[in-house]
Amino acid sequence: ILTGLIIPNKLLFGFISLPGIVMMCMYLLGTLMALASAYVMKFFIRSKEKSFFILELPTYRPPRWKNVGYTMVEKAKVFVFDAGKVIMVISLLLWVLSSFGPPGRMKQVVEKYDSIRSDLPVDSKTRDETARAERTEILENSYAGILGKSIEPLIVPLGFDWKIGIALITSFAAREVFVGTMATLYSVGEDSDNDNITLREKMRAAVRPDGSKVYDVATGLSLLVFYVLAMQCMSTLAIVKRETRSWKWPAIQLVYMTGLAYAMSFVVFYLFNN
């Protein structure tokens with residue numbers, strides 16, 4: 001969804017997709033950074049004893065396509081039912097946080113726009129703009145909006161706004177939650193008459209207070225690089241804790257990978273924003 005937002009759908013040499021090239025570069029970046037991290041870590045993490053990795057390989061045979069198809073279906077079901085449950089729960093929770101907020105603040109917003117509407121003609125286009133502004137302000141004063149605004153100063157140097165900040169938080173459960181988070185936030189904050197507009201189109205139309213696009217090339221690439229490098233998978237941290245029988249290594253993993261992602265995203269945003 002991000003490559004579709006920022007990378008034009010062009011063909012190189014007549015058959016190579018430019019968005020596909022960018023996606024491949026993201027995978028290569030992850031692989032190269034993993035190798036570089038392993039090289040650096042060998043100077044700090046010393047093994048007290050030598051160990052050998054031995055793996056007995058089975059005899060290679062042509063695959064049975066029936067087994068291949070069965071395995072594909074089973075793996076897809078595991079993803080849909082395991083990751084799907086997480087995405088569904090977080091999306092519902094996020095909808096609640098996006099729709100409700102501190103009663104005092106929400107009441108002030110409603111009263112403010114009720115007063116504005118009372119002075120507007122019934123069929124005025126300004127009423128539609130006022131209603132849109134009210135939905136946006138309600139979202140900003142919701143519990144989710146308050147959370148996003150509180151971390152916005154930390155992520156502004158990366159080109160991110162408060163909505164992306166909320167997505168970064170929810171994505172710690174799993175990266176896939178990013179799409180569900182964006183869908184929830186933009187659905188809550190947008191006009192119900194525009195339900196037929198796709199999420200990508202809503203994100204493409206999103207603008208900052210100064211009128212500039214939220215998802216320009218610099219911000220999009222910065223966000224892609226952040227998701228490539230950041231540790232955003234709670235199940236991975238849980239498994240590392242179980243295997244190491246300590247919170248030390250999961251904590252190190254979380255801190256260094258998030259720090260690395262932040263630094264690299266900052267560099268990417270600076271390079272493409274200047």
Side-chain angles (χ1 to χ4, degrees), residues 1-2 5-6 87-173 177-216 218-220 222-223 226 265 269 273:
I1 194 169
L2 290 173
L5 276 173
I6 63 173
I87 294 172
M88 180 65 71
V89 171
I90 291 180
S91 296
L92 289 172
L93 177 61
L94 189 61
W95 178 84
V96 173
L97 294 176
S98 303
S99 301
F100 301 94
R105 296 178 63 162
M106 301 295 274
K107 183 179 179 181
Q108 287 179 358
V109 174
V110 173
E111 291 178 348
K112 169 186 172 182
Y113 284 93
D114 283 345
S115 176
I116 294 174
R117 272 192 295 269
S118 65
D119 298 327
L120 295 176
V122 176
D123 297 327
S124 173
K125 289 184 178 179
T126 310
R127 294 185 71 89
D128 295 334
E129 296 175 357
T130 301
R132 191 176 297 109
E134 180 183 13
R135 285 190 293 271
T136 300
E137 197 162 333
I138 286 176
L139 179 59
E140 291 180 358
N141 285 276
S142 66
Y143 293 116
I146 294 171
L147 178 61
K149 291 286 186 180
S150 65
I151 68 169
E152 191 173 30
L154 295 175
I155 59 177
V156 164
L158 308 182
F160 304 161
D161 68 351
W162 62 274
K163 288 185 178 180
I164 297 177
I166 296 174
L168 294 180
I169 294 174
T170 57
S171 294
F172 275 106
V177 177
F178 172 82
V179 178
T181 299
M182 289 290 100
T184 302
L185 292 177
Y186 281 100
S187 295
V188 171
E190 294 293 334
D191 193 346
S192 59
D193 295 335
N194 294 329
D195 287 342
N196 58 330
I197 298 179
T198 64
L199 173 61
R200 183 179 295 176
E201 291 171 338
K202 289 183 179 180
M203 293 172 68
R204 183 176 287 116
V207 294
R208 296 186 174 93
D210 61 2
S212 62
K213 285 186 174 295
V214 173
Y215 296 95
D216 53 15
T219 298
S222 174
L223 189 54
F226 188 91
S265 294
F269 180 72
N273 199 42

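Quick caveat: nothing in here was measured; it's all calculated off a predicted structure.
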Donor-acceptor pair, side chain of [X] and main chain of [Y], under 3.5 angstrom:
| X | Y | value |
| --- | --- | --- |
| Asn141 | Glu137 | yes |
| Thr219 | Gly159 | yes |
| Ser142 | Leu139 | yes |
| Ser265 | Leu158 | no |
| Ser212 | Arg208 | no |

Nearest 0.5 Å please: distance from the [atom1] atom of [X] over to the [atom2] atom of [Y].
| X | Y | atom1 | atom2 | result |
| --- | --- | --- | --- | --- |
| Ile166 | Ser150 | CD1 | OG | 9.0 Å |
| Ile90 | Leu97 | CD1 | CG | 11.0 Å |
| Lys213 | Met203 | NZ | CE | 12.0 Å |
| Trp162 | Ile146 | CH2 | CD1 | 10.5 Å |
| Asp216 | Ile6 | CG | CD1 | 8.5 Å |
| Ser99 | Met106 | OG | CE | 8.0 Å |

- prompt: Stepwise, does the side-chain contact (heavy atoms from CB on, under 4.5 Å) test hold for Ile164 with Val214?
  reply: CA-CA 10 Å; Ile164 297 177; Val214 173; 4.3 Å; yes

message: Are Tyr143 and Pro102 packed together at the side-chain level, in the sense that at least one heavy-atom pair is separated by less than 4.5 angstrom?
response: yes

task: Find out whether Arg204 and Arg200 are in side-chain contact, i.e. whether some heavy atom of one side chain is under 4.5 Å from a heavy atom of the other.
output: yes

task: Quick one: sort the Tyr215 and Tyr186 rings into parallel, tilted or perpendicular, breaks at 30° and 60°.
output: tilted

field: Member of Ile151, Thr181, Leu223 meeting the side-chain contact (heavy atoms from CB on, under 4.5 Å) criterion with Leu168
entry: Leu223

statement: Closest heavy-atom pair, Pro157 versus Phe269, reported as atoms and distance to 0.1 Å, is O-CD2, 3.3 Å

